[in-house]
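The structure under discussion appears below in the form of structure tokens.
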6 protein chains.
Amino acid sequence: MVLSLIAGTANPPLAAAVAQFLGVELASVQLQRFPDGELHVNVAEPLRGRDVYVVQATAPPVDQHLMELLLVADACRRAGAARISAVIPYFGYARQDRRVRGREAIGALVACQLLRTSGVERLVALDLHSTAIEGFFPGPVEHLTAVPLLAEALRSTLPANPVLISPDLGAVKLATRYSRLLGAPVAVIHKVRISGTEVETHGIVGDVRDRAPVIVDDMVSTGGTLEAAMETALARGATRDVVVACSHALMVGRASERLCSYPIKKFLTTDSVGFTAGPLLPYEVVSVAPLLAEAVLHLHRHESLAHLRAEQ
Amino acid sequence: MVLSLIAGTANPPLAAAVAQFLGVELASVQLQRFPDGELHVNVAEPLRGRDVYVVQATAPPVDQHLMELLLVADACRRAGAARISAVIPYFGYARQDRRVRGREAIGALVACQLLRTSGVERLVALDLHSTAIEGFFPGPVEHLTAVPLLAEALRSTLPANPVLISPDLGAVKLATRYSRLLGAPVAVIHKVRISGTEVETHGIVGDVRDRAPVIVDDMVSTGGTLEAAMETALARGATRDVVVACSHALMVGRASERLCSYPIKKFLTTDSVGFTAGPLLPYEVVSVAPLLAEAVLHLHRHESLAHLRAEQ
Amino acid sequence: MVLSLIAGTANPPLAAAVAQFLGVELASVQLQRFPDGELHVNVAEPLRGRDVYVVQATAPPVDQHLMELLLVADACRRAGAARISAVIPYFGYARQDRRVRGREAIGALVACQLLRTSGVERLVALDLHSTAIEGFFPGPVEHLTAVPLLAEALRSTLPANPVLISPDLGAVKLATRYSRLLGAPVAVIHKVRISGTEVETHGIVGDVRDRAPVIVDDMVSTGGTLEAAMETALARGATRDVVVACSHALMVGRASERLCSYPIKKFLTTDSVGFTAGPLLPYEVVSVAPLLAEAVLHLHRHESLAHLRAEQ
Amino acid sequence: MVLSLIAGTANPPLAAAVAQFLGVELASVQLQRFPDGELHVNVAEPLRGRDVYVVQATAPPVDQHLMELLLVADACRRAGAARISAVIPYFGYARQDRRVRGREAIGALVACQLLRTSGVERLVALDLHSTAIEGFFPGPVEHLTAVPLLAEALRSTLPANPVLISPDLGAVKLATRYSRLLGAPVAVIHKVRISGTEVETHGIVGDVRDRAPVIVDDMVSTGGTLEAAMETALARGATRDVVVACSHALMVGRASERLCSYPIKKFLTTDSVGFTAGPLLPYEVVSVAPLLAEAVLHLHRHESLAHLRAEQ
Amino acid sequence: MVLSLIAGTANPPLAAAVAQFLGVELASVQLQRFPDGELHVNVAEPLRGRDVYVVQATAPPVDQHLMELLLVADACRRAGAARISAVIPYFGYARQDRRVRGREAIGALVACQLLRTSGVERLVALDLHSTAIEGFFPGPVEHLTAVPLLAEALRSTLPANPVLISPDLGAVKLATRYSRLLGAPVAVIHKVRISGTEVETHGIVGDVRDRAPVIVDDMVSTGGTLEAAMETALARGATRDVVVACSHALMVGRASERLCSYPIKKFLTTDSVGFTAGPLLPYEVVSVAPLLAEAVLHLHRHESLAHLRAEQ
Amino acid sequence: MVLSLIAGTANPPLAAAVAQFLGVELASVQLQRFPDGELHVNVAEPLRGRDVYVVQATAPPVDQHLMELLLVADACRRAGAARISAVIPYFGYARQDRRVRGREAIGALVACQLLRTSGVERLVALDLHSTAIEGFFPGPVEHLTAVPLLAEALRSTLPANPVLISPDLGAVKLATRYSRLLGAPVAVIHKVRISGTEVETHGIVGDVRDRAPVIVDDMVSTGGTLEAAMETALARGATRDVVVACSHALMVGRASERLCSYPIKKFLTTDSVGFTAGPLLPYEVVSVAPLLAEAVLHLHRHESLAHLRAEQ
């Protein structure tokens, strides 16, 4: 079976880098938006009997990127692809993994079902916000992690006396994974009401005083959570050598502008989304292209991906 | 079973008008876009056991409007709706109803499958560009037509000696339906090569000389087809009292600007899409709200819709 | 994966010819009708892990031929076939591709669903009457065309000054494809009311006077459409050197008898259905066996079929 | 919910009788065969929200009758029927309920799947040849029995000293049900090799000497099984007052002619198939119309059918 | 539509209490285990057109209780039930909601799929261990909570100066819900490595010194988590007036024996599982029967359950 | 494609023997029951792209063994197995193949559907109690038979003048298969009422007097059927050299104790279930491991299994 790699428009440089690592050409695909905004997909080369991997982050604008992935998958299946895997470095709608207050949609489930309906048979994802997605998608899900890559990039420049900070309860497992790799302690920011009558405030578990805060999260969207974490940590006596590490830097709206008023010494992230590191923050971007390429290669060869997965 | 009517954001005035004709309140729904563009749906009132109709044109921006419809449907089904019907006054991706050149997606089929996957059990559509959609959607499709409404609006102001012009072969059946209602002859613009060596040109079938051209089509998008039709008709001696009638006025980009250089005396259309009639063209807009309301009422009461359907 | 070719009873000579071109033996299959008319299928040789192609036109008697295909497919899947493709040179019920007047079945869709339910995973079809079928069947559809074969057969004996005539609006694209291959102009017969009050008559687009009419269609069933086309063309001054070209010659009932009173010089068709060219008409039959064999071979080898497909 | 009763063409008098018992009109349906044998279905009256029962035996010609049922079901579902039940007095392909020798189809299963695919949600069947069908159809199956009706018809004219004879092992349970109702003993014809070296012969279990044989079976097709049973019984000393009782009289080919050479005093059957009792045999036909009508009525009213079912 | 309530064998007293609150009789069902352990289900009364609720906790022995629920659902659907809802007070396999280490099953997803496959169309569940289950089950899930009932039972006897303790990070949201109802602060036990080199220990967030610990969790299985929580809280100076509140008391193996060596003043739980409160612990059992009965009644009447749900 | 063999806990020695015959190692799988009885599955080696065969009899305790098979299948599919076949030497719930009396479940169908839902794509079964299962499972079923093995084992020690006895009508075909292989006559025990008024008694078809009874059946559960058969045969004059041959020896409860009071000279069976041959009966156990291994090998190599199947 021949491998074919197809890139959506969400992050062409990443797809190109994955292709380069794999030593293959990206398949020639025409992704044309008509004047009314409808997308027309045409694959210019044969896919019959191919093992097809479509690389597309469903990053903002999420609906267009998702729809594009769905139409590409449909074109692939009609063209006789033997197997269609979606490589989704960032999975949009992942936070909608349950109904919180009532008559809501479960957006992450809908996204999974749409992918399957359109012909995607397997997902390759990276540091998913919710592990429920593995059960939502009706097919194998290969859940990769960029944490070892990011931890490796942190290691050399880690400030003395660091503390890994999870900015909320949802990132504690992530922080623990960094902790194992870096040998540093963990602190957790949490929003619990510490008295029955008071409003919620941000507390912190673990000792941050005079320690250099390394705040880790799976994603940074508007930066609001990160701001609160930095304020809490600094208020509790952490040093002003803040390091941030996240797998997905969406940097929505004016996130970079707002964050540049904090003493961030390094903002470490990956190229999972089509993110442009501007001058406002001291970005360091680690490419996940080798990781994705290795995963694709192992999948194509029917080899184990165990070493690329994270404990959940 | 109680009827619930939900409006998407594609065309709120139309949904409000439908609700008014039905004598019901639109269900209270929160459709919130997060800063990263993800949509969050929350229905504020009970839907359990309800007969739910979601009114949403999948007009531009088509991907967002479609995704919104899918998430609303998912919320409805989780909330225990007894039956979910999508009322889609304009159906996006309808022109992608087959593979033309090769390894393409069939966008209209994908849209139908996504709707079904998300919980839509029945479609109510209006003057669909392709009749194949009735077979693509895995459930009942009620295909309504605005042609009688538009013909009625034409009748009083129809210029003397009119000729109904189908701007391409795809609209001939539509023109024939107008013809039956208005008692006027039909002419057809066509693109066939009239010699084996020449390039394609626009020919015309039927006599237009000294007749007032009434150009009918299901939709006007960029206006290009319409421009070609007017030029052909005028070149063949049609009078400069052009009337245009279409069910869906997308008027993409600078369509109005381009069309206003032609001698259009009346541009008759409906409010199927969230279209704003600007001053550039002599628009007359007939509301399909009564038609949609009547269809919803008949469906809700399990009554026949035969009188609202068109022969295909 | 080993290729297996199975023939239904609709057209054994065609299946045998396909087998010969492929250099394979037809699989030994027992297709026995019990005294009560029930069909019993028994495949006499192993199919496990095979790439199976079942050749069966669903020509009249359509219900028996379709049911036979369904039962053969079921037998194949139970026997462990790796993949089951139906090669359907003529697809019955193709004209029922939409609901025309109301509470009808969509026969083409039903046929597609029955095929899928019984184990058919892929269709290979030839000059389908309706392109909607590609979307109706829930799997890849390879839509082949015999037009180049027929055009090639026409070329040498084409009368001087020919005109390709589409007998109705549905065959215009087909006529255009012949036109491109043969370098001859196109004329179109159409049924539109040319006045608002008159009944429908047959008009014609394009110049046929003193030209030799080459009437092309996808299929000839009772011959009625063809008769009307010939009468219209001759009335408009076409020469009496009529050539007919169609992919599928069903010749239902007394079609040959009725047509032989017209000045048909050549009736060109294929062996897609189990059609016996009688002496009444000057038949010339081009075999589609090489075309089908080539398609099967390319599919079996996971190669592109683009050169065998027609633009739709 | 309003009840609608639709008749296929397999047995119009039975459907009419069911309608009469129910006090309803048969729905007006156009079932037109085109010249090429394709069936066109058009239902002339509204079905939206109706509780639809389609009465159609899949008796010979089985493929046409089955296909007709499938297309009618499709038309009903597209027309918005609330629930579609197929009332199948005789179920064709029922004997193909397993693979006997190898790479065969399971025709009964295929038939069940086709019905479900086309929109049938519930089966009402009568004295099915195989109980496996209840598990094959993916929906509720109401398996009725005509045995009490037939036993009642037998009772008054039962010859003295009767013995109920099952003509093979498959009908033993059926014979036992007659036995319970009529208070007569059972004998069983069987084909077992009574010596290891001999060929198979027909043996008999139970005492038939000087008893009047009442041979019971679910169906009589060519009459071959019945002939063998009569010969065996008479050879073992049964009296020449043979009575035959079967639920389904297919009487395929020259069955009546062949059977009329045997001393059959009464041939008792039902009108489950569109069977015409000729003069050759002393037929007595009991109508199952009241039974089917009662079942439909109970189903429509959500009442128990337990008293119309047989133990299996 | 008539309501039918069916009880599995997991917790007959609870089902009986639900029936009593609803004022209905439990449907008569025979649930017989054959000598080889296979279960035979027979429902003794009509279910056709009924709105059926099957009450069955999938508590230990989980596989038998689950299989029983599946077979009962199958019997109901064959008997023509209009709708089948499973009322599952305790949902077994809920903790297997993701793959933790590699090639594991997702048991909660499998359980959900088995339920749907067997005919269950809707789940009613209580304080699910994982919210992912709402997305795993392909149908509406009504997720009820016993927290208000338990909080109400706590209120009167709450020791002075209480602190609500979440024994791990997974129960923080639960503790927060108790906190809102009782106006008491929250503390969280957590297992994070507080230094990079040390092994994991149990830390605590929030002040417990001299406060009465009220440990809340969704379930107590072997009691191990609870033991650790009590030891941690007492070590940090909490008073020895321990109160435990959990929705599901499985008390597997010798859980009660082990826990009775701790200063538990009250062990508050519900009757969700067929749990027998022994003398070893100061149990107080609040019945969820009224809650389940109210939910069933609202569902049956198509009314909102919003007031019975908890925020997730 | 590499073959992987996984053993459930139902019959580890059989699985080990199959592995040995195939020359492969059993895959390392952790099947851990938690204290609350929930099963946790973890496969320790890669399965991606593998051809996986899971050997698991669903013998008592049937619910646990079935659930184990379902969870193993789910783990395999998530791990990327290319194809999952369940090798089920004994298929529990096989006797529930139809509804006998009314509102029952069809347990065999439910089991088949659960298997398919959990990822099993193909069944390999041995001497199934009901042939309907082949139609119930939505995928290929390879139905093997141990009869030739058992007949071979009987041949050398067959008493003089033997008669093969089918203990009820359901085993007649089985007895006939033994008869063909051994060249011995067949007798059939049957429960029919031989008079209309008498209660049922056991009759016998065929001559057993002074013959050595060889009672054959597919399975022995509690031994009750076997006891009745022996008593009937001995009462009719059969010799006291009873031989029993069955494919599946469940020996439920005190079956061995009860049977040891009969003159059984040999009790021939297989190791299909995890059966321990105790000292009470003169057991001779033929291993089906070579048969299963051969079947797996042929399936893996896409070869015919025809010689391992039995006529049904």
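To find a chain, count down the sequence lines: A is the first, B the second, and so on, and within it residues start at 1.
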Exercise. Glu38(B) versus chain A, heavy atoms under 4.5 Å apart: side chain, backbone, both or neither?
Worked result: both

Exercise. At a heavy-atom separation under 4.5 Å, does Leu109(B) approach chain A through its side chain, its backbone, both, or neither?
Worked result: side chain

Measuring heavy-atom distances to chain B, does [X] have an atom under 4.5 Å in its side chain, in its backbone, in both, or in neither?
{"X": "Ala255(A)", "result": "neither"}
{"X": "Arg33(A)", "result": "side chain"}
{"X": "Gln96(A)", "result": "side chain"}
{"X": "Val252(A)", "result": "side chain"}
{"X": "Thr222(A)", "result": "side chain"}

Exercise. Which residue out of Pro35(A), Gly107(A), Gly37(A) racks up the most heavy-atom pairs below 4.5 Å with chain B?
Worked result: Pro35(A)

Exercise. So which of Gly119(A), Pro46(A), Gly102(A) has the biggest tally of heavy-atom pairs under 4.5 Å with chain B?
Worked result: Pro46(A)

Exercise. How many angstroms lie between atom CZ of Arg103(A) and atom CZ of Arg48(B), to the nearest 0.5 angstrom?
Worked result: 7.5 Å

Exercise. Say you draw a straight line from OH of Tyr90(B) to CG of Asp36(A); how long is it, rounded to the nearest 0.5 Å?
Worked result: 5.5 Å

Problem set entry | Option that, when pairs with chain A are counted at under 4.5 Å, heavy atom only, ranks first among Leu47(B), Val29(B), Val100(B), Val41(B) | Val41(B)

Exercise. Taking non-hydrogen atoms and a cut-off under 4.5 angstrom, which of residues 131-140 of chain B neighbour chain A?
Worked result: none

Exercise. Does a donor on one side chain sit under 3.5 Å from an acceptor on the other, for His40(A) and Glu104(B)?
Worked result: yes

Exercise. Taking only residues two or more places apart in sequence or in another chain, which ones pass side-chain contact (heavy atoms from CB on, under 4.5 Å) with Glu121(A)?
Worked result: Arg83(A), Ile84(A), Arg116(A)

Exercise. In terms of heavy-atom contacts, does CD of Glu25(B) have more than 12 from other residues, nucleotides or ligands at under 6.0 Å?
Worked result: no

Exercise. Residues of residues 52-62 of chain A under 4.5 Å from chain B (heavy atom pairs)?
Worked result: Pro60(A), Val62(A)

Seminar exercise, completed: Within residues 63-78 of chain A, contacts to chain B at heavy-atom distances under 4.5 Å involve Asp63(A), Gln64(A), Leu66(A), Met67(A), Leu70(A), Leu71(A), Asp74(A), Ala75(A), Arg77(A), Arg78(A)

